[in-house]
Structures are given as C-alpha cells and as structure tokens.
Amino acid sequence: MNKKTIPKKIIKDVLIVAFGVLIMWTGVQAVFGTQNPFYVVASGSMVPVLEKNDVIIVQGNEPFEGIQKGDVIVFDRPSDHDKVIVHRVASIINDDPKTLRTQGDANSASIPGTDFPITEEEYLGKVVYAIPQIGYVTEFLKPPLNYVLMSVIVGIMVIKQITNKKNKN
C-alpha cells in the first residue's frame with residue numbers, strides 16, 4: 001500500500017507564513033498598545049470626519065488621563081459593552097474619577113448609555129489615523145469567502161510544490 005504524505009517543504013512553507021503573520025500581528029499590537037489597533041467604521045455618526053468603511057488606527061498607549069475635549073476616541077458602549085463606538089469627546093463630566101461625554105459629529109446630541117458616561121474602563125484608545133474606504137476589503141473578506149480564499153491559496157501552494165517535485169524527477 002502506497003501512502004501519500006505531505007512533503008516537508010509544504011509544511012515548512014505553511015509554518016513560515018503562519019509564524020510570520022503571528023510575529024507581525026504581535027508587533028503591531030505592541031506598537032499600538034491595544035489588542036486590536038484597526039477598526040472599520042460601521043456607521044455615519046462621524047461624517048464628515050470619518051465615513052462608513054474607513055479604517056481607523058487606534059493608539060491604545062494614549063493614556064485616558066490625557067484625553068481632552070475634541071479628541072476622537074474608541075470605547076466600549078458603557079451600558080453593556082456589547083458594541084465598540086468611535087465618537088468625539090464633547091466634554092469632561094468629572095475629573096475625579098475622569099468621566100467623559102462623547103458625541104458623533106453627525107449626531108444632534110449625545111446618546112445616554114452610548115456616549116456617556118465614559119470612564120477608563122470603557123476606553124480602548126485614541127484615533128490617530130484614518131484610511132478612507134479600505135473597509136470595503138473587509139466586507140469582501142467576510143466568511144465564507146475568506147475561507148474559500150485561504151483554501152485556494154493553500155491549494156496553489158500544495159500544487160506548486162507537487163509540480164516542482166515532479167519536474168525535478
């Protein structure tokens with residue numbers, strides 16, 4: 001009985017790619033000081049500064065105590081922490097402990113339970129950069145299409161290794 005095994009070169013290539021991605025992601029997290037430094041804007045509440053599908057880069061190393069009125073920040077919704085919000089600091093409600101009220105630029109007022117009270121517990125980071133409309137790529141790469149794409153890439157790598165091996169024989 002002839003057993004087919006996966007060539008060591010294929011395993012090595014897959015491990016190198018996986019390890020490289022892991023190292024890069026860990027480095028990005030360390031530099032930006034947050035578990036996820038990239039978010040896609042999901043609503044129009046910050047128009048015209050941030051449009052839906054813009055990708056924002058968040059600096060988690062920016063201390064909460066340094067946040068001022070006018071800064072655009074990312075935070076968990078205070079009422080139940082079930083949603084990440086990106087809004088501008090409209091006012092500092094209290095200094096001890098520091099508590100903020102935010103508001104979307106396109107919103108007529110702050111929304112209780114969403115925009116305030118924001119404490120250090122809800123704070124994720126300060127928006128430091130926005131890349132317009134790159135978020136459309138994430139829409140394209142949502143499941144199941146991302147799994148199909150990854151399978152195709154791995155399949156191409158395997159086929160390439162097999163055909164290279166046959167050509168050398």
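Computed from heavy atoms alone, side chains included, the values below leave out hydrogens, waters and symmetry copies.
The CE atom of Met150 lies 10.0 Å from the CG atom of Leu145; values are rounded to the nearest 0.5 Å.
Judged as a salt bridge (Lys or Arg N to Asp or Glu O under 4.0 Å), and not counting sequence neighbours, the contacts of Arg88 are Asp105. By the salt bridge (Lys or Arg N to Asp or Glu O under 4.0 Å) test, Asp13 is found to be paired with Lys9, residues two or more places apart in sequence or in another chain being considered. Evaluation of the salt bridge (Lys or Arg N to Asp or Glu O under 4.0 Å) rule for Asp80 yields Arg77 as partners, not counting sequence neighbours. A search for side-chain contact (heavy atoms from CB on, under 4.5 Å) contacts involving Phe19 returns Ile23, not counting sequence neighbours.
Cluster membership for Val28 and Val128, using ILVMFWY side-chain heavy atoms within less than 4.5 angstrom, is shared. Ile134 and Tyr136 fall into different hydrophobic clusters, where Ile, Leu, Val, Met, Phe, Trp and Tyr are joined by side-chain heavy atoms under 4.5 Å apart, directly or via other members. Transitive grouping of hydrophobic side chains (ILVMFWY, heavy atoms separated by less than 4.5 Å) keeps Met24 and Ile16 in distinct clusters. Under the 4.5 Å side-chain contact rule for hydrophobic residues, Leu124 and Val127 share a cluster. By the rule that hydrophobic residues join a cluster once side-chain heavy atoms approach within less than 4.5 Å of another member, Trp25 and Val31 end up as members of one cluster.
Taking the side chain as every heavy atom from C-beta outward, Thr102 and Phe116 never approach each other to under 4.5 Å. Annotation: side chain of Pro37 is not in contact with side chain of Tyr129 (no heavy-atom distance under 4.5 Å). Looking at His81 and Glu121, their side chains come closer than 4.5 Å, going by heavy atoms from C-beta outward. Put simply, the side chain of Pro78 reaches to within 4.5 Å of the side chain of Ile118, judged on heavy atoms. Two residues are said to be in side-chain contact when any heavy atoms from C-beta on lie closer than 4.5 Å; Phe32 and Ile57 meet this criterion.
Donor-acceptor pairing under 3.5 Å is recorded for the side chains of Glu122 and Thr119.
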TODO: Applying side chain to side chain contact (heavy atoms under 4.5 Å, CB included), run through Ile131 and Asp54 and close with a yes or a no.
DONE: CA-CA 6 Å; Ile131 306 168; Asp54 286 356; over 6 Å; no
Open item on the list: Between Val86 and Ile56, does the side chain to side chain contact (heavy atoms under 4.5 Å, CB included) criterion hold? Intermediate values first, please.
Closed with: CA-CA 9 Å; Val86 180; Ile56 56 171; 3.5 Å; yes
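Under a cut-off of 6.0 angstrom, the local environment of NZ in Lys98 is crowded, with over 12 non-hydrogen atoms contributed by other residues, nucleotides or ligands.
Minimum heavy-atom separation, Thr138 to Gly135: OG1-O, 2.5 Å.
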For residues 39-51, tabulate all N or O donor-acceptor pairs below 3.5 Å that involve a side-chain atom, not counting sequence neighbours.
{"from": "Ser43", "atom 1": "OG", "to": "Ser45", "atom 2": "N", "distance (Å)": "3.3"}
{"from": "Ser43", "atom 1": "OG", "to": "Ser45", "atom 2": "OG", "distance (Å)": "3.3"}
{"from": "Ser45", "atom 1": "OG", "to": "His87", "atom 2": "NE2", "distance (Å)": "2.9"}

Exercise answer: donor-acceptor pairs, residues 64-76 side-chain atoms, under 3.5 Å, sequence neighbours excluded:
{"from": "Asp71", "atom 1": "OD2", "to": "Gln68", "atom 2": "N", "distance (Å)": "2.8"}

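Using modelled atom types, no side-chain atom of Thr34 and backbone atom of Gly60 make a donor-acceptor pair closer than 3.5 Å. Judged purely by atom type and a 3.5 angstrom limit, Gln103 uses its side chain to pair as donor or acceptor with the backbone of Asn107. Remark: the backbone N or O of Val89 is not paired with any side-chain donor or acceptor of Ser91 at under 3.5 angstrom.
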